[in-house]
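What follows is a short report on a single structure.
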Amino acid sequence: MRSSDLLGPLGNPLPLQAGKGYSFSVDLDPAPRHTLCFGERRAVASPIGPTTRIGGTMALSGNNNRLDWRRVVAVALAGRTIRAAGSTTPTTW
């Protein structure tokens with residue numbers, strides 16, 4: 001059901017768009033204590049419990065299960081940069 005169909009009868013036909021966030025979680029040592037923003041990579045690293053979430057861009061591509069592999073690769077490459085930034089020695093994933 002579309003959001004406008006659901007909310008229209010209530011007098012508020014608010015249109016919503018489905019979105020996909022591209023991210024993955026890793027164990028980093030040392031892990032960041034706060035969220036770090038890597039603007040040049042369009043990515044962030046956020047501590048979530050015992051792991052670190054590496055997040056990239058969000059895609060507004062409709063309600064489907066298709067992945068944009070360019071975005072998957074971009075987040076993975078950003079993860080390499082983020083991991084190397086927190087390490088005292090160069091690291092390759």
Looking at CZ of F38 and CD1 of I54, how far apart are the two atoms once the value is rounded to the nearest 0.5 Å? 7.5 Å
Between Y22 and D68, is there a donor-acceptor pair closer than 3.5 Å when you use the side chain of the first and the backbone of the second? yes
Would you indicate whether the side-chain heavy atoms of T52 and P32 approach each other to under 4.5 Å? yes
NZ of K20 to CG of N65, rounded to nearest 0.5 Å, is 7.5 Å
Minimum-distance pair of heavy atoms, taken over all atoms of L60 and G19: CD2-CA, 4.0 Å
Would you say L28 and F24 are hydrophobically clustered, going by side-chain heavy atoms of ILVMFWY under 4.5 Å? yes
Calculate, to the nearest 0.5 Å, the distance between atoms OG1 and CG belonging to T51 and D27 respectively. 6.5 Å
No-hydrogen, no-angle side-chain donor-acceptor test under 3.5 Å, R53 and S25: yes
Provide the closest heavy-atom pair for R71 versus T57 in the form atom of the first, atom of the second, distance. NH1-OG1, 2.5 Å
Heavy atoms only: give me the nearest A43-A78 pair and the separation to one decimal. CB-CB, 3.5 Å
Give the intermediate values and the outcome of side-chain contact (heavy atoms from CB on, under 4.5 Å) for residues L77 and V73. CA-CA 6 Å; L77 291 175; V73 169; 3.9 Å; yes
Shortest non-hydrogen pair, V75 vs G56, comes out as CG2-CA, 3.7 Å
